[in-house]
Each structure stands twice: as C-alpha cells, then as structure tokens.
Amino acid sequence: MTASPLARRLTTTDAVVIGLGSMIGAGVFAVFAPAAAVAGPWLLLGLGIAGLVAYCNATASAQLAAQYPTSGGTYAYGRARLGPWWGFLAGWGFVVGKIASCAAMALTFAAYLVPPFWQRPVAVAAVLALAAVNLLGITRTAALTRVLVIVAIAVLGLVVAAGFLAATRHPAPGPGPGVAVGAYGPGVAVGAYGVLQSAGLLFFAFAGYARIATLGEEVRHPRTTIPRAVLLALGLAVALYLVVGSAALLALGPARLASSAAPLADVVRAAGWERAVPVVAAGGAAAALGALLALIAGLGRTSLAMAREGDLPRRLAAVSARHQVPHRAELAVAGAVVVLVCTVDLRGVIGFSSFGVLVYYLVANLAARTQTGEHRRYGRPLQLAGALGCAVLVVTLPWQAVVGGVAVFAVGIGYRLVRLRLAPPPGAGGDDGSATSGG
C-alpha cells in the first residue's frame, strides 16, 4: 500500500459518539411505522431480534477490527480473511447502499425544515456543508457529531416522556398479540414472518456501529478502543430504541403507529403537547444531519480502502497532507450524493439499504469465523448465529428491496469483471496504484 496513512486522533469517546450519530439517525423518527405495519403488537420482539443479530455482527466487527485496525471495515476484513471477491462484495454493497442512504438522509433533513419546493436545494447545501466539515479533519467530524447526538437524544427523551404520559391518560386500544389484523398493513397477518420482516427493517437502525470499524485507521489504541466503542455504542442505541419503541406503542397502539406518517410527532400530539411538534421536527433534522455526517466519513474511508486495492479508481486513494483525510474520496462521495439528491427521491430506501448492510455483515461474520489463536475474542457460535441471522433477515425483506439489492450487486460484479479483464499486468506501467498526498 503506497497511499499515505491517516492520523490516529479519535479517542474511545469520539468513536462511541460517531457510532451513536450513525445509529440515532432519522431512522428512529420513521422506522417504527413500517415495522409496526408488519409486526403489529410484536414490534418490540422484532426490535429484540434485530438487536440480537446486531450484537452478533458487532462482536464479529470488533474482533476483526482488533486484528486489522485499518480503513475500510468489512471490505478490508473480507479481503484479508476470505479473498478479494468477498471483500469487494462487502465494500460494493456498503458504498452503493450508503450513498443512497446519504441522499435519503439529506432529503429527510430538508423535509423537516422547508416546504417541498426548497427541499432539494437545502439538501444539497447540507451535503456540501457536511462534506466540508469532514474535509477539515476527523476531530471536527467528531465534535459536530457530538452536538447533533446530544440534540437528538434530548428530543427522543421528550418523546418518551410524552409517550408514557399519553399511555397513562388514554391507554391505546388494540387487539391482543397474535391476532391477524389487516389494519397493520395491506393484507398483512401478524405472525412469525411479519416479525422477522420487521426485524429486517429495524436492523436499518443498528447499522451505524460499522462506522467505527471503517475509521479503524484513525482511532487511538485501536486494538482495545474499537471493540469497546462498538459494543458500547450498540448497547446504548438498542436501549434507546427499546424505550422509544415502547413509548410509541403505548401511546398510539400498533394499528395507529403502523399508519402514522410521522410517528414520534404523533406521540407528542397524543400527550396533548402540540407545541412540542416543531421540537420533534428539529430533533429529526439533527438526527438526519448526524447520520449523514457519519455516513460521509465512513464512505470516504471505505472508498479509500477500495481505491488502494484498485476496486475503485486509484486516484481516490489520496490523503490530504494537511488534514489527514481521504479528500478525493470524500469529494467523490459528496458529488455522487448531490447528483442523487437532484435527480431522485430516495427517502424510501430503508429496505434496500438493509439488504446491502445485511450482506456486508454476513461477510463480516464469515470472516470472523476464520480467525484463530490470540485474535479470537468471542466464540464461533456467535458468528454462526450472526451469519444465519443476516441470511434470514435478507430473505424476509420486502421483495422490492431484495430485487433492487440483487440488481445492484449484479452491476458491481459486472463492473469488477470488466475491470479485471482490462487491468494491465503487474509491472506494465501506467497507473501503478500510487497515491500522492495533497492539500
């Protein structure tokens, strides 16, 4: 590897904050409605399954990151443990799926603040502003993420208080568990399949701990910091989601929650706190910005790792000498997100993003199962459970998400096959993969 290394500046607290900023995104303000539509009163069971699969995946990522403290996350681990194709599939799914998620987060942020006519310009401005923050260095990213996380958690605390207050005043009516009720979704009967489908959708909320691993080249004492930060951030996020989901179910009931376009705003309305609705909107905007900021950072590092190996254009492997960030990769990510924001509305990509992330963690679990000796921190049964959990949740996603995900991976496989066919033999000259540092 001839590209310049990144600087190790992140503490454990910084890493936890970035992980929380990724997980406490706009998803928490919207994901409970589609999950309730398929799981009904069993929503919290679906959330528990998603959290369990996420825990298995987190232990795999933590174990791998301790052995390979470099940029790229599962892309790097898959290459090292399973081979280049496995790494490519993980990296491709992450980059393509999360670029779409970035566009969705930017549009969601704008939707909280301005009328429809202004949403695309405001979303573009948000992408450019956060890309600029990332270009100033990873410590600036961590500092801004900390502010946005504090705002989002404070607003979620308000929602929880409103939900439990509403439940004590007016208990939400609803059918008992196990009753098949079409009100939760068109023709949907509550059962095991619905619970698993809700878990696949809710898994979208827990994908952010991967961001800590993708920043492995910038964390101080990575062999101890990354495993600790991954599990701590995930534990805090799961606990918060369980409390918020419980409050939403108690305040609205499963049927009303399933049909809500803005479930957390409806929770505060149910408590009679109409004046707090704009505050919830501000919290959603802050959460969307926090997730977008962490996504751009993680995408830049994964793109950097893929460029170093030639799986993306090698010019993206440059690292800024002044700020120690992958500036070309981050600019390319921001440019791709801006194009998507200006051309399509991707606010409905929860299922598609979950498909890519589940494949990403499937590779992580398979890679972690091959580790031996001193590098093993957790038992192989956890990684087997994580791999099986990812596979099950993938096939229970809505069919549109599965078809879209398969199509995206087919495009990626075709791209890599063409690149390998056209690549010059080693030592033939031309682009040798070197990357120079630039300001």
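The residues of the chain are indexed from 1 along the displayed sequence.
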- Start with the C-alpha gap between Val279 and Trp273, add the side-chain angles, then the distance that decides, and say whether side chain to side chain contact (heavy atoms under 4.5 Å, CB included) holds. CA-CA 10 Å; Val279 177; Trp273 296 357; over 6 Å; no
- Ignoring hydrogens and geometry, is there a side-chain-to-backbone donor-acceptor pair from Tyr241 to Met23 under 3.5 Å? yes
- Does a side-chain heavy-atom distance below 4.5 Å link Ser303 with Val333? yes
- Item | Atom of Ala237, atom of Leu20 and distance for their closest heavy-atom approach | N-CD2, 4.1 Å
- Item | Over all atoms of both residues, closest heavy-atom pair of Ser260 and Asp266 | OG-OD2, 2.5 Å
- Task: Count the heavy atoms of every other residue, nucleotide or ligand shown that sit under 6.0 Å from CZ of Arg120, and state whether that count exceeds 12.
- Result: yes
- Are any of the side-chain heavy atoms of Arg220 and Thr11 separated by less than 4.5 Å? yes
- Item | Main-chain N/O of Val319 paired to Arg328 side chain as donor or acceptor, under 3.5 Å | no
- Describe, in one word, how the ring planes of Phe29 and Tyr112 are oriented to each other, choosing from parallel (under 30°), tilted (30 to 60°) and perpendicular (over 60°). perpendicular
- Test Leu144 against Leu130 for side chain to side chain contact (heavy atoms under 4.5 Å, CB included), laying out the working first. CA-CA 9 Å; Leu144 179 56; Leu130 296 186; 3.9 Å; yes
- Task: Please answer whether the main-chain N or O of Ala317 pairs with a side-chain N or O of Arg308 as donor and acceptor at a distance below 3.5 Å.
- Result: no
- Note on the structure: Taken to the nearest 0.5 Å, the spacing of Thr145 OG1 from Ile24 CD1 works out to 11.5 Å
- Task: Could you give me the CA-CA distance, side-chain angles and deciding distance for Met105 and Leu289, then say whether side chain to side chain contact (heavy atoms under 4.5 Å, CB included) is met?
- Result: CA-CA 7 Å; Met105 288 296 173; Leu289 276 186; over 6 Å; no
- Task: Give the intermediate values and the outcome of side chain to side chain contact (heavy atoms under 4.5 Å, CB included) for residues Ser198 and Trp42.
- Result: CA-CA 9 Å; Ser198 75; Trp42 295 105; over 6 Å; no
- Message: Keeping Gln324 on the side-chain end and Ser320 on the backbone end, is there a donor-acceptor pair under 3.5 Å?
- Response: yes
- Nearest heavy-atom pair of Gly137 and Val325: which atoms, and what distance? CA-CG1, 3.6 Å
- Item | Non-hydrogen side-chain atoms of Asn365 and Asn57 separated by less than 4.5 Å | yes
- Message: Could you tell me if the side chain of Arg301 sits less than 4.5 Å from the side chain of Glu218, heavy atoms only?
- Response: yes
- Is there a side-chain contact between Val357 and Lys98 (heavy atoms, below 4.5 Å)? yes
- Can any side-chain N or O of Glu217 pair as donor or acceptor with the backbone N or O of Ser71 at less than 3.5 Å? yes
- Query: Nearest heavy-atom pair of Leu107 and Val341: which atoms, and what distance?
  - Reply: CD2-CG1, 4.1 Å
- Could you check if a side-chain atom of Val268 sits within less than 4.5 angstrom of a side-chain atom of Arg275, using non-hydrogen atoms only? no
- Message: Side chains of Tyr378 and Gln383, heavy atoms from C-beta outward: is any pair under 4.5 Å?
- Response: yes
- Item | Salt-bridge criterion met for Asp14 and Arg9 (N-O under 4.0 Å) | no
- Minimum heavy-atom distance between Val38 and Gln197, given as atom pair plus value: CG1-OE1, 2.9 Å
- Do Thr74 and Phe94 have side-chain heavy atoms sitting under 4.5 Å apart? no
- Message: Just checking Tyr75 against Trp92, ring centres under 6.0 Å apart?
- Response: no
- Report yes or no: does Thr302 contribute a side-chain atom to a donor-acceptor pair with the main-chain N or O of Leu299 at less than 3.5 Å? no
- Message: Looking at every heavy atom in both Val122 and Phe109, which two are closest together, and how far apart are they?
- Response: CG1-CE2, 3.9 Å
